[in-house]
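All chains are named by letter (A, B, ...) in the order of the sequence lines, taking the proteins before the strands, and each is independently numbered beginning at 1. What you see is a predicted model, and the numbers here were worked out from it, not measured in a lab.
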Amino acid sequence: MLVFEAPGSTKSARIVEVEAYLGGRDPASHAYRGLTPRTAPMFGPPGRSYVYFVYGMYHCLNVVTEGDGLAGAVLLRGAEPLAGFDEGEPRALAGPGKLARAFGLTTKHTNLDLVHSALSIRDAPPIPPSRVVRSARIGLNEHATTNKPWRLCVRGSSGVSRP
DNA sequence: CGAATGATCCGA
DNA sequence: CGGATCATTCGA
């Protein structure tokens, strides 16, 4: 589960949809064209955040995975609120932009240690493999992009952006 | 479908 | 510098 501790409140949500991106061999990855100031966290140690700004209005949160000179990250695309959300807020965080918005994440939250920071990822009760669906990744440029079935989501969850 | 909306990156 | 691009979302 994803946890964000802010002064006065702690929000948590169950992660139900993710996509994997690898640098180097994955043309869809931001790291594909090498290290830049924006993508630097993807080349850093694993267990940190990589938050980027897209389409002039949305932020997306990734978990850096590879480390040791390799670039890789997992995009968090959907979650179900667990605690800390009040009634005015959406009951499902279906889509990476919505998820980041719900937690108030901006590029200031990039490159944070997701084990020790206010923004953290913690264990949650396991999801039975029979409920995990694997598919192609969403929203990638159709042309020249080798899309891999690296999207995982929980079947039937309200936090999934697209069935 | 297409607009909104701005950071980022590449090529010149 | 200019402009193409973009791991999105919402509304017609």
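Distance, A:Tyr21 OH to C:dC6 P: 12 Å, rounded to whole Å. Atom-to-atom, CZ of A:Arg162 to C1' of C:dT8 comes out at 14 Å; the value is rounded to the nearest Å. If you measure from atom CD of A:Glu17 to atom C1' of C:dT8, you get 13 Å, rounded to the nearest angstrom.
Side-chain atoms of A:Ser12 do not come within 3.5 Å of backbone N or O of A:Leu82 as any donor-acceptor pair. Judged by distance alone, the side chain of A:Ser49 and the main-chain N or O of A:Asn111 form a donor-acceptor pair under 3.5 Å. Not one N or O on the side chain of A:Arg151 forms a donor-acceptor pair closer than 3.5 Å with the backbone of A:Glu17. Under a 3.5 Å cut-off, the side chain of A:Thr36 and the backbone N or O of A:Thr39 do form a donor-acceptor pair. Using modelled atom types, one side-chain atom of A:Ser117 and one backbone atom of A:Asp113 make a donor-acceptor pair closer than 3.5 Å.
Interatomic distance, A:Ile15 CD1 to A:Ile121 CD1, rounded to the nearest 0.5 Å: 4.0 Å. Here the CZ atom belonging to A:Arg25 is positioned 11.0 Å from the OH atom belonging to A:Tyr32, to the nearest 0.5 angstrom. In this structure, the separation between NE2 on A:His30 and CE on A:Met42 is 8.0 Å, given to the nearest 0.5 Å.
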Side chains of residues 99-108 of chain A: which donor-acceptor pairs under 3.5 Å do they make with residues two or more places apart or in other chains?
from: A:Thr106; atom 1: OG1; to: A:Lys108; atom 2: N; distance (Å): 3.1

Side-chain donor-acceptor pairs of residues 51-71 of chain A under 3.5 Å, sequence neighbours excluded:
from: A:Asn62; atom 1: ND2; to: A:Tyr50; atom 2: O; distance (Å): 3.2
from: A:Thr65; atom 1: OG1; to: A:Gly72; atom 2: O; distance (Å): 3.4

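Using a 4.0 Å cut-off on heavy atoms, the residues of residues 30-45 of chain A that approach DNA chain C are A:His30, A:Met42, listed by number. Near DNA chain B, meaning a heavy atom under 4.0 Å away, there are no residues from residues 154-161 of chain A. Less than 4.0 Å separates DNA chain C from at least one heavy atom of each of the following residues of residues 72-80 of chain A: A:Leu75, A:Arg77. Within residues 88-101 of chain A, the residues having any heavy atom closer than 4.0 Å to DNA chain C are, in order of number, A:Gly95, A:Pro96, A:Gly97, A:Lys98. Shown for residues 47-70 of chain A: residues whose heavy atoms fall under 4.0 angstrom of DNA chain B, namely A:Phe53, A:Tyr55, A:Gly56, A:Met57.
Looking at A:Arg162 and A:Cys153, their side chains never come closer than 4.5 Å, going by heavy atoms from C-beta outward. Put simply, the side chain of A:Leu22 does not reach to within 4.5 Å of the side chain of A:Ser29, judged on heavy atoms.
For A:Pro128, the side-chain contact (heavy atoms from CB on, under 4.5 Å) criterion is met by A:Ser130, A:Arg131, not counting sequence neighbours. Every residue two or more places apart in sequence or in another chain that forms a salt bridge (Lys or Arg N to Asp or Glu O under 4.0 Å) with A:Glu19 is listed here: A:Arg77. A:Arg122 is linked by a salt bridge (Lys or Arg N to Asp or Glu O under 4.0 Å) to A:Glu5, counting only residues two or more places apart in sequence or in another chain.
If you chain together hydrophobic residues whose side chains sit under 4.5 Å apart, A:Leu140 and A:Leu75 fall into the same group. Under the 4.5 Å side-chain heavy-atom criterion for Ile, Leu, Val, Met, Phe, Trp and Tyr, A:Phe4 and A:Phe85 are members of the same hydrophobic cluster. A:Val160 and A:Ile138 are members of different hydrophobic clusters when ILVMFWY side chains are connected at heavy-atom separations under 4.5 Å.
Using a 4.0 Å cutoff to heavy atoms of chain A, the contacted part of DNA chain B runs 5' to 3' from B:dA4 to B:dC10.
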Wobble G-U and Watson-Crick pairs count when both distances are under 3.5 Å; given that, what is the 5' to 3' dot-bracket string of DNA chain C, with | for pairing to other strands? ||||||.||||.

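Look at the P atom in both C:dG2 and B:dT5: the space between them is 22 Å, to the nearest Å. C:dA4 and B:dA3 are spaced 16 Å apart, taking the P atom of each and rounding to whole Å.
Nearest heavy-atom pair, A:Ala13 versus A:Ala79, reported as atom, atom and distance to 0.1 Å: CB-CB, 3.9 Å. Taking every heavy atom of both residues into account, A:Arg137 and A:Ala28 meet most closely at NH2-CB, 3.8 Å. Smallest separation of non-hydrogen atoms from A:Arg91 and A:Ser158: NH1-OG, 4.1 Å.
Note on A:Asn141: a side-chain N or O is less than 4.0 Å away from OP1 or OP2 of C:dC6.
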